Amino acid sequence: MAVLTFEGQRFAPAAGESVLDCLLRNGQPIQHSCKAGLCQSCLVQAVDAEVPPKAQAGLKGTLQASKHAMACQWCADADITVKLPGAAAAAVDSLVCELTLLNAAVMKLVLKPADAASLDCKPGQYMNLTNPAGIVRSYSVANDVQRDGTLEFHVARTKQGMFTRWLFESAAVGDAIPLRGPAGSCFYLPDAGQNEPLLLSAVGTGLAPLFGILNDALAQGHRGPVTLVHGSGQPELLYYRAELQQLAQQHVNFCYVPVVLENPTSDVSCRSGDAASLTMAALDPARIAETRVFLCGNPDFVRGLRKQAFMKGVRSANIFCDAFVQRPVAAV
Amino acid sequence: MSSVFEQIGGAAAVDAAVDIFYRKVLSDPLISHFFDSVDMDRQIGKQKAFLTMGFGGPNNYTGKDMRNAHKHMKLTEAHFGAVAGHLQSTLQELNVPANLIGEVMKIAASTHDDVLNV
(Lines give C-alpha, C1' and ligand atoms only; values in the text may rest on other atoms or scores of the structure.)
Protein backbone atom coordinates (compact mmCIF):
# COMPACT_ATOMS: atom_id res chain seq x y z
CA MET A 1 0.00 0.00 0.00
CA ALA A 2 1.54 3.28 -1.12
CA VAL A 3 1.91 6.14 1.36
CA LEU A 4 1.91 9.82 0.44
CA THR A 5 3.76 11.93 3.00
CA PHE A 6 3.17 15.69 3.00
CA GLU A 7 4.24 18.20 5.65
CA GLY A 8 4.76 15.43 8.18
CA GLN A 9 1.34 13.84 7.58
CA ARG A 10 0.78 10.46 5.96
CA PHE A 11 -2.07 9.76 3.54
CA ALA A 12 -3.26 6.65 1.72
CA PRO A 13 -3.89 7.36 -1.98
CA ALA A 14 -6.78 5.56 -3.68
CA ALA A 15 -6.02 3.43 -6.74
CA GLY A 16 -4.99 5.63 -9.67
CA GLU A 17 -5.34 8.82 -7.64
CA SER A 18 -3.04 11.77 -8.34
CA VAL A 19 -0.92 13.38 -5.63
CA LEU A 20 -3.10 16.50 -5.99
CA ASP A 21 -6.42 14.68 -5.64
CA CYS A 22 -5.19 12.70 -2.65
CA LEU A 23 -4.03 15.88 -0.88
CA LEU A 24 -7.24 17.74 -1.71
CA ARG A 25 -9.37 14.81 -0.55
CA ASN A 26 -7.54 15.00 2.76
CA GLY A 27 -8.18 18.71 3.14
CA GLN A 28 -4.66 19.92 2.37
CA PRO A 29 -4.55 23.49 1.01
CA ILE A 30 -2.91 22.99 -2.41
CA GLN A 31 -3.37 25.64 -5.09
CA HIS A 32 -4.65 24.19 -8.32
CA SER A 33 -6.54 25.17 -11.42
CA CYS A 34 -6.58 23.23 -14.69
CA LYS A 35 -5.77 19.73 -13.38
CA ALA A 36 -4.45 19.02 -16.86
CA GLY A 37 -0.72 19.59 -16.34
CA LEU A 38 -0.66 23.01 -17.92
CA CYS A 39 -1.29 25.89 -15.55
CA GLN A 40 1.44 24.75 -13.12
CA SER A 41 -0.59 26.02 -10.16
CA CYS A 42 -0.23 22.78 -8.20
CA LEU A 43 3.56 22.64 -8.02
CA VAL A 44 5.07 20.51 -5.27
CA GLN A 45 8.66 19.52 -4.64
CA ALA A 46 9.79 15.92 -4.25
CA VAL A 47 11.67 15.24 -1.02
CA ASP A 48 12.09 11.52 -1.25
CA ALA A 49 10.70 10.24 -4.52
CA GLU A 50 11.47 9.71 -8.17
CA VAL A 51 9.39 12.16 -10.17
CA PRO A 52 7.74 10.63 -13.25
CA PRO A 53 8.50 12.58 -16.47
CA LYS A 54 4.80 13.26 -17.05
CA ALA A 55 4.65 15.30 -13.83
CA GLN A 56 7.45 17.55 -15.10
CA ALA A 57 6.39 17.95 -18.75
CA GLY A 58 6.58 21.61 -19.74
CA LEU A 59 8.28 22.80 -16.54
CA LYS A 60 11.35 25.00 -16.81
CA GLY A 61 14.57 22.98 -16.79
CA THR A 62 15.67 24.55 -13.53
CA LEU A 63 12.38 23.53 -11.88
CA GLN A 64 12.81 19.97 -13.18
CA ALA A 65 16.39 19.81 -11.89
CA SER A 66 15.25 20.93 -8.43
CA LYS A 67 12.62 18.15 -8.37
CA HIS A 68 9.52 20.30 -8.79
CA ALA A 69 6.48 18.51 -10.17
CA MET A 70 2.84 19.09 -11.01
CA ALA A 71 0.84 17.24 -8.37
CA CYS A 72 -2.12 16.76 -10.73
CA GLN A 73 0.00 14.75 -13.20
CA TRP A 74 1.68 12.53 -10.63
CA CYS A 75 -0.03 9.21 -9.98
CA ALA A 76 0.49 8.36 -6.30
CA ASP A 77 1.14 4.65 -6.82
CA ALA A 78 4.44 4.44 -4.91
CA ASP A 79 5.70 5.78 -1.59
CA ILE A 80 6.11 9.51 -2.15
CA THR A 81 7.25 12.37 0.09
CA VAL A 82 6.54 15.88 -1.18
CA LYS A 83 6.52 19.40 0.21
CA LEU A 84 5.33 22.78 -0.98
CA PRO A 85 7.99 24.46 -3.16
CA GLY A 86 10.47 26.35 -1.05
CA ALA A 87 9.06 25.00 2.20
CA ALA A 88 11.76 24.53 4.78
CA ALA A 89 13.36 21.12 5.06
CA ALA A 90 15.38 20.07 8.11
CA ALA A 91 17.99 22.58 9.28
CA VAL A 92 21.71 22.09 8.62
CA ASP A 93 24.24 23.44 11.13
CA SER A 94 26.82 25.94 9.97
CA LEU A 95 29.43 28.27 11.45
CA VAL A 96 30.42 31.77 10.40
CA CYS A 97 33.95 31.50 8.98
CA GLU A 98 34.42 34.88 7.33
CA LEU A 99 32.99 38.41 7.61
CA THR A 100 34.40 40.93 5.14
CA LEU A 101 33.04 44.31 4.08
CA LEU A 102 32.84 44.41 0.27
CA ASN A 103 32.01 48.12 0.39
CA ALA A 104 30.51 50.55 2.92
CA ALA A 105 27.10 48.86 2.75
CA VAL A 106 27.66 45.22 1.79
CA MET A 107 28.99 42.43 3.97
CA LYS A 108 30.38 39.20 2.56
CA LEU A 109 29.28 36.42 4.91
CA VAL A 110 30.86 33.00 4.51
CA LEU A 111 29.40 29.99 6.32
CA LYS A 112 30.85 26.54 6.71
CA PRO A 113 28.05 23.96 6.76
CA ALA A 114 28.51 20.82 8.84
CA ASP A 115 28.09 18.52 5.85
CA ALA A 116 28.82 20.55 2.73
CA ALA A 117 29.15 17.46 0.50
CA SER A 118 25.52 16.53 1.03
CA LEU A 119 24.19 20.05 0.41
CA ASP A 120 22.65 20.07 -3.07
CA CYS A 121 22.68 23.82 -3.53
CA LYS A 122 23.32 25.37 -6.94
CA PRO A 123 25.00 28.79 -7.18
CA GLY A 124 22.14 31.30 -7.53
CA GLN A 125 19.65 29.46 -5.32
CA TYR A 126 18.86 30.84 -1.89
CA MET A 127 19.06 29.57 1.68
CA ASN A 128 17.26 30.59 4.86
CA LEU A 129 19.63 31.70 7.63
CA THR A 130 18.69 31.87 11.31
CA ASN A 131 20.85 34.18 13.44
CA PRO A 132 21.54 33.64 17.17
CA ALA A 133 18.49 35.81 18.05
CA GLY A 134 16.23 33.55 16.01
CA ILE A 135 15.72 36.01 13.14
CA VAL A 136 15.29 34.20 9.80
CA ARG A 137 16.18 35.76 6.45
CA SER A 138 16.87 34.31 3.03
CA TYR A 139 19.95 35.17 1.01
CA SER A 140 21.22 34.05 -2.36
CA VAL A 141 24.28 31.86 -2.67
CA ALA A 142 27.19 33.47 -4.56
CA ASN A 143 29.44 30.43 -4.92
CA ASP A 144 29.60 26.68 -5.48
CA VAL A 145 29.40 24.90 -2.13
CA GLN A 146 30.54 21.64 -3.71
CA ARG A 147 33.75 23.29 -4.94
CA ASP A 148 34.49 25.49 -1.91
CA GLY A 149 32.98 23.59 1.00
CA THR A 150 31.49 26.91 2.14
CA LEU A 151 28.53 29.14 1.28
CA GLU A 152 29.06 32.80 0.40
CA PHE A 153 26.35 35.45 0.83
CA HIS A 154 26.31 39.21 0.20
CA VAL A 155 24.20 41.13 2.68
CA ALA A 156 23.28 44.80 2.24
CA ARG A 157 22.91 46.92 5.36
CA THR A 158 19.32 48.08 5.74
CA LYS A 159 18.22 50.85 8.08
CA GLN A 160 15.87 48.82 10.23
CA GLY A 161 16.95 45.29 9.42
CA MET A 162 17.19 43.18 12.56
CA PHE A 163 19.27 40.53 10.84
CA THR A 164 21.59 43.03 9.19
CA ARG A 165 22.09 45.04 12.38
CA TRP A 166 23.25 41.87 14.08
CA LEU A 167 25.47 41.00 11.12
CA PHE A 168 27.15 44.40 10.87
CA GLU A 169 27.42 45.13 14.59
CA SER A 170 27.89 41.95 16.57
CA ALA A 171 28.32 38.87 14.40
CA ALA A 172 31.63 37.05 14.87
CA VAL A 173 33.55 34.21 13.31
CA GLY A 174 32.42 31.00 15.00
CA ASP A 175 28.77 32.01 15.46
CA ALA A 176 26.37 29.13 14.76
CA ILE A 177 23.88 29.75 11.94
CA PRO A 178 21.30 27.03 11.20
CA LEU A 179 20.54 26.85 7.46
CA ARG A 180 17.46 25.67 5.61
CA GLY A 181 17.07 25.21 1.88
CA PRO A 182 18.02 25.57 -0.86
CA ALA A 183 15.15 27.04 -2.84
CA GLY A 184 14.76 29.00 -6.07
CA SER A 185 14.97 28.19 -9.75
CA CYS A 186 17.42 30.88 -10.81
CA PHE A 187 20.59 28.95 -11.69
CA TYR A 188 22.69 27.74 -14.64
CA LEU A 189 21.73 24.51 -16.34
CA PRO A 190 24.27 23.25 -18.92
CA ASP A 191 21.66 20.87 -20.38
CA ALA A 192 19.69 23.90 -21.57
CA GLY A 193 22.50 24.59 -24.05
CA GLN A 194 26.03 25.98 -23.85
CA ASN A 195 26.26 27.95 -27.09
CA GLU A 196 23.44 30.44 -26.49
CA PRO A 197 23.85 33.99 -25.17
CA LEU A 198 23.44 34.52 -21.42
CA LEU A 199 22.47 37.97 -20.19
CA LEU A 200 22.84 38.52 -16.45
CA SER A 201 21.64 41.75 -14.87
CA ALA A 202 21.62 42.81 -11.24
CA VAL A 203 21.39 45.86 -9.05
CA GLY A 204 23.02 46.03 -5.62
CA THR A 205 23.48 42.69 -3.89
CA GLY A 206 21.50 41.07 -6.70
CA LEU A 207 25.05 40.47 -7.87
CA ALA A 208 25.42 37.62 -5.35
CA PRO A 209 23.37 34.98 -7.21
CA LEU A 210 24.57 36.22 -10.58
CA PHE A 211 28.23 36.08 -9.51
CA GLY A 212 27.56 32.46 -8.57
CA ILE A 213 25.74 31.71 -11.82
CA LEU A 214 28.45 33.44 -13.89
CA ASN A 215 31.27 31.45 -12.31
CA ASP A 216 29.24 28.26 -12.59
CA ALA A 217 28.54 28.84 -16.31
CA LEU A 218 32.17 29.64 -17.07
CA ALA A 219 33.45 26.73 -14.97
CA GLN A 220 31.09 24.36 -16.78
CA GLY A 221 32.45 25.58 -20.11
CA HIS A 222 29.63 27.75 -21.41
CA ARG A 223 30.67 28.79 -24.94
CA GLY A 224 28.04 31.37 -25.91
CA PRO A 225 28.52 35.07 -25.14
CA VAL A 226 27.92 35.97 -21.48
CA THR A 227 27.18 39.55 -20.43
CA LEU A 228 26.88 40.73 -16.83
CA VAL A 229 25.36 44.16 -16.16
CA HIS A 230 25.77 45.31 -12.54
CA GLY A 231 24.07 48.55 -11.58
CA SER A 232 24.48 50.73 -8.53
CA GLY A 233 23.84 54.28 -7.37
CA GLN A 234 27.49 55.32 -7.19
CA PRO A 235 30.81 53.79 -8.26
CA GLU A 236 31.88 53.07 -4.68
CA LEU A 237 28.79 50.88 -4.17
CA LEU A 238 29.73 48.53 -6.98
CA TYR A 239 31.81 45.63 -5.69
CA TYR A 240 33.82 42.69 -7.05
CA ARG A 241 34.94 44.91 -9.91
CA ALA A 242 38.52 43.63 -9.92
CA GLU A 243 37.35 40.01 -9.81
CA LEU A 244 34.87 40.56 -12.64
CA GLN A 245 37.39 42.48 -14.77
CA GLN A 246 39.83 39.63 -14.29
CA LEU A 247 37.19 37.09 -15.37
CA ALA A 248 36.55 39.19 -18.48
CA GLN A 249 40.26 39.05 -19.28
CA GLN A 250 40.38 35.29 -18.79
CA HIS A 251 37.25 34.50 -20.83
CA VAL A 252 36.90 36.05 -24.29
CA ASN A 253 33.16 35.24 -24.29
CA PHE A 254 32.49 37.19 -21.08
CA CYS A 255 31.69 40.92 -21.05
CA TYR A 256 31.36 42.87 -17.77
CA VAL A 257 29.29 46.08 -17.77
CA PRO A 258 29.40 48.05 -14.50
CA VAL A 259 26.78 50.83 -14.49
CA VAL A 260 26.19 53.72 -12.11
CA LEU A 261 23.35 56.22 -11.96
CA GLU A 262 25.58 59.08 -10.85
CA ASN A 263 29.24 59.23 -11.69
CA PRO A 264 30.71 62.31 -10.01
CA THR A 265 34.27 60.98 -10.20
CA SER A 266 33.96 60.51 -13.96
CA ASP A 267 35.30 57.01 -13.48
CA VAL A 268 35.78 55.94 -17.08
CA SER A 269 35.74 52.22 -16.31
CA CYS A 270 32.00 52.20 -15.64
CA ARG A 271 29.04 53.34 -17.69
CA SER A 272 26.58 56.01 -16.58
CA GLY A 273 22.86 55.50 -16.88
CA ASP A 274 20.27 53.09 -15.64
CA ALA A 275 21.01 49.41 -15.52
CA ALA A 276 17.68 48.40 -17.07
CA SER A 277 18.25 50.39 -20.29
CA LEU A 278 21.80 49.13 -20.64
CA THR A 279 20.59 45.57 -20.08
CA MET A 280 18.04 45.92 -22.86
CA ALA A 281 20.72 47.41 -25.10
CA ALA A 282 22.89 44.33 -24.44
CA LEU A 283 20.26 41.94 -25.86
CA ASP A 284 21.37 40.68 -29.28
CA PRO A 285 18.25 41.02 -31.50
CA ALA A 286 19.53 38.34 -33.88
CA ARG A 287 19.71 35.73 -31.10
CA ILE A 288 16.92 36.96 -28.82
CA ALA A 289 14.78 33.81 -29.08
CA GLU A 290 17.61 31.63 -27.69
CA THR A 291 19.00 34.08 -25.10
CA ARG A 292 18.67 33.14 -21.43
CA VAL A 293 18.15 36.12 -19.12
CA PHE A 294 18.88 36.12 -15.38
CA LEU A 295 17.59 39.06 -13.30
CA CYS A 296 18.23 39.73 -9.62
CA GLY A 297 17.76 42.64 -7.28
CA ASN A 298 14.89 44.72 -5.95
CA PRO A 299 11.39 43.69 -7.12
CA ASP A 300 10.71 46.80 -9.22
CA PHE A 301 13.92 46.33 -11.16
CA VAL A 302 13.34 42.61 -11.70
CA ARG A 303 9.67 42.83 -12.66
CA GLY A 304 10.16 45.83 -14.93
CA LEU A 305 13.07 44.31 -16.78
CA ARG A 306 11.45 40.91 -16.99
CA LYS A 307 8.48 42.37 -18.80
CA GLN A 308 10.65 44.50 -21.09
CA ALA A 309 12.81 41.52 -22.03
CA PHE A 310 9.77 39.34 -22.67
CA MET A 311 8.04 41.97 -24.79
CA LYS A 312 11.23 42.42 -26.81
CA GLY A 313 11.16 38.71 -27.69
CA VAL A 314 12.93 36.71 -24.95
CA ARG A 315 11.02 33.46 -24.39
CA SER A 316 9.17 33.34 -21.06
CA ALA A 317 10.79 29.96 -20.33
CA ASN A 318 14.22 31.58 -20.72
CA ILE A 319 13.80 34.28 -18.08
CA PHE A 320 15.06 33.43 -14.60
CA CYS A 321 14.39 35.83 -11.76
CA ASP A 322 15.16 36.30 -8.13
CA ALA A 323 13.45 39.37 -6.70
CA PHE A 324 14.68 40.38 -3.26
CA VAL A 325 11.83 40.97 -0.88
CA GLN A 326 12.39 42.33 2.60
CA ARG A 327 10.62 39.63 4.57
CA PRO A 328 11.31 36.20 5.96
CA VAL A 329 10.84 33.96 2.96
CA ALA A 330 9.51 30.96 4.88
CA ALA A 331 5.97 32.07 3.98
CA VAL A 332 6.04 32.26 0.18
CA MET B 1 -11.27 11.91 -36.86
CA SER B 2 -8.76 13.32 -34.38
CA SER B 3 -9.70 16.22 -32.11
CA VAL B 4 -9.04 19.87 -32.93
CA PHE B 5 -6.42 19.83 -30.18
CA GLU B 6 -4.53 16.95 -31.82
CA GLN B 7 -4.82 18.42 -35.31
CA ILE B 8 -3.48 21.75 -34.17
CA GLY B 9 -0.40 20.11 -32.67
CA GLY B 10 -1.33 19.43 -29.02
CA ALA B 11 0.83 20.66 -26.15
CA ALA B 12 3.61 21.75 -28.54
CA ALA B 13 1.16 24.12 -30.24
CA VAL B 14 0.21 25.58 -26.86
CA ASP B 15 3.89 26.14 -26.06
CA ALA B 16 4.44 27.83 -29.42
CA ALA B 17 1.39 30.03 -29.05
CA VAL B 18 1.58 31.11 -25.42
CA ASP B 19 4.38 33.69 -25.64
CA ILE B 20 2.99 35.21 -28.84
CA PHE B 21 -0.51 35.41 -27.40
CA TYR B 22 0.65 36.79 -24.04
CA ARG B 23 2.75 39.51 -25.73
CA LYS B 24 -0.32 40.56 -27.72
CA VAL B 25 -2.59 40.92 -24.68
CA LEU B 26 0.12 42.76 -22.72
CA SER B 27 0.51 45.18 -25.63
CA ASP B 28 -3.21 45.97 -25.72
CA PRO B 29 -4.02 48.89 -23.40
CA LEU B 30 -7.70 47.89 -23.30
CA ILE B 31 -6.99 44.59 -21.55
CA SER B 32 -3.32 44.50 -20.50
CA HIS B 33 -4.10 45.39 -16.87
CA PHE B 34 -6.06 42.15 -16.44
CA PHE B 35 -2.98 40.14 -17.36
CA ASP B 36 -0.05 42.14 -16.01
CA SER B 37 0.46 40.34 -12.70
CA VAL B 38 3.64 40.40 -10.66
CA ASP B 39 4.20 36.68 -11.12
CA MET B 40 4.69 36.21 -14.84
CA ASP B 41 5.32 32.46 -14.62
CA ARG B 42 1.91 32.00 -13.01
CA GLN B 43 0.27 34.13 -15.70
CA ILE B 44 1.98 32.12 -18.43
CA GLY B 45 0.59 28.97 -16.81
CA LYS B 46 -2.93 30.42 -16.81
CA GLN B 47 -2.63 31.42 -20.46
CA LYS B 48 -1.47 27.91 -21.34
CA ALA B 49 -4.53 26.50 -19.62
CA PHE B 50 -6.74 28.96 -21.51
CA LEU B 51 -5.15 28.13 -24.89
CA THR B 52 -5.45 24.40 -24.22
CA MET B 53 -9.14 24.82 -23.55
CA GLY B 54 -9.49 27.02 -26.64
CA PHE B 55 -7.73 24.42 -28.75
CA GLY B 56 -10.22 21.81 -27.59
CA GLY B 57 -7.65 20.05 -25.38
CA PRO B 58 -7.98 18.37 -22.00
CA ASN B 59 -9.21 20.69 -19.28
CA ASN B 60 -11.36 20.72 -16.23
CA TYR B 61 -13.01 24.07 -16.63
CA THR B 62 -16.75 24.23 -16.29
CA GLY B 63 -19.00 27.09 -17.26
CA LYS B 64 -19.36 27.82 -13.55
CA ASP B 65 -15.56 28.13 -13.16
CA MET B 66 -15.47 30.54 -16.08
CA ARG B 67 -18.29 32.59 -14.59
CA ASN B 68 -16.73 32.74 -11.11
CA ALA B 69 -13.29 33.61 -12.42
CA HIS B 70 -14.51 36.57 -14.44
CA LYS B 71 -17.57 37.94 -12.69
CA HIS B 72 -15.79 40.59 -10.60
CA MET B 73 -13.86 41.99 -13.55
CA LYS B 74 -16.67 44.11 -15.07
CA LEU B 75 -15.90 42.86 -18.57
CA THR B 76 -17.59 44.14 -21.72
CA GLU B 77 -18.03 42.95 -25.29
CA ALA B 78 -14.97 45.01 -26.21
CA HIS B 79 -12.78 43.09 -23.74
CA PHE B 80 -14.07 39.75 -24.96
CA GLY B 81 -13.59 40.75 -28.59
CA ALA B 82 -10.04 41.95 -27.93
CA VAL B 83 -8.96 38.63 -26.39
CA ALA B 84 -10.65 36.67 -29.19
CA GLY B 85 -8.92 38.85 -31.76
CA HIS B 86 -5.49 38.24 -30.22
CA LEU B 87 -6.19 34.51 -30.16
CA GLN B 88 -7.11 34.56 -33.82
CA SER B 89 -4.10 36.63 -34.92
CA THR B 90 -1.77 34.39 -32.86
CA LEU B 91 -3.01 31.36 -34.75
CA GLN B 92 -2.69 33.20 -38.07
CA GLU B 93 0.88 34.11 -37.19
CA LEU B 94 1.60 30.43 -36.55
CA ASN B 95 0.12 29.51 -39.97
CA VAL B 96 -2.63 27.37 -38.49
CA PRO B 97 -5.04 26.34 -41.30
CA ALA B 98 -8.13 28.54 -41.54
CA ASN B 99 -10.58 25.69 -40.87
CA LEU B 100 -8.83 24.88 -37.55
CA ILE B 101 -8.75 28.56 -36.57
CA GLY B 102 -12.50 28.52 -37.22
CA GLU B 103 -12.92 25.57 -34.84
CA VAL B 104 -10.88 27.31 -32.13
CA MET B 105 -12.86 30.51 -32.51
CA LYS B 106 -16.08 28.53 -32.11
CA ILE B 107 -14.83 27.11 -28.80
CA ALA B 108 -13.77 30.61 -27.67
CA ALA B 109 -17.18 32.01 -28.66
CA SER B 110 -18.89 29.31 -26.59
CA THR B 111 -17.45 30.85 -23.40
CA HIS B 112 -18.96 34.28 -24.20
CA ASP B 113 -21.93 34.17 -21.83
CA ASP B 114 -19.99 32.69 -18.92
CA VAL B 115 -17.09 35.14 -19.26
CA LEU B 116 -19.35 38.18 -19.56
CA ASN B 117 -21.75 36.82 -16.93
CA VAL B 118 -24.86 37.27 -19.08
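Source: prediction; values computed, not measured. Proteins get letters first, then strands, A, B, ... in listed order; numbering begins at 1 in each.
Distance check: A:Ser316 OG to B:Lys48 NZ gives 7.5 Å after rounding to the nearest 0.5 Å. Separation of atoms CD1 (A:Ile319) and CG (B:Asp19) is listed at 8.0 Å; rounding is to 0.5 Å. Atoms CZ and NZ, from B:Arg23 and A:Lys307 in turn, are 12.5 Å apart once rounded to the nearest 0.5 Å.
When B:Met53, B:Arg42, B:Gln43, B:Gln47 are compared by the number of non-hydrogen pairs under 4.5 Å with chain A, B:Arg42 comes out ahead.
Within 6.0 Å of NZ in B:Lys24 there are more than 12 heavy atoms belonging to other residues, nucleotides or ligands. Annotation for A:Asp120: atom CG does not count as buried by contact number, only 12 or fewer foreign heavy atoms lying within 6.0 Å.
In this structure, the portions of B:Leu26 lying under 4.5 Å from any heavy atom of chain A include both its backbone and its side chain. Interface residue B:Tyr22: backbone and side-chain heavy atoms are both found under 4.5 Å from chain A. Using a 4.5 Å cut-off between heavy atoms, B:Asp41 touches chain A through backbone and side chain atoms alike.
Between B:Asp15 and A:Arg315, no side-chain nitrogen of the basic residue sits less than 4.0 Å from a carboxylate oxygen of the acidic one, so the salt-bridge criterion is not met.
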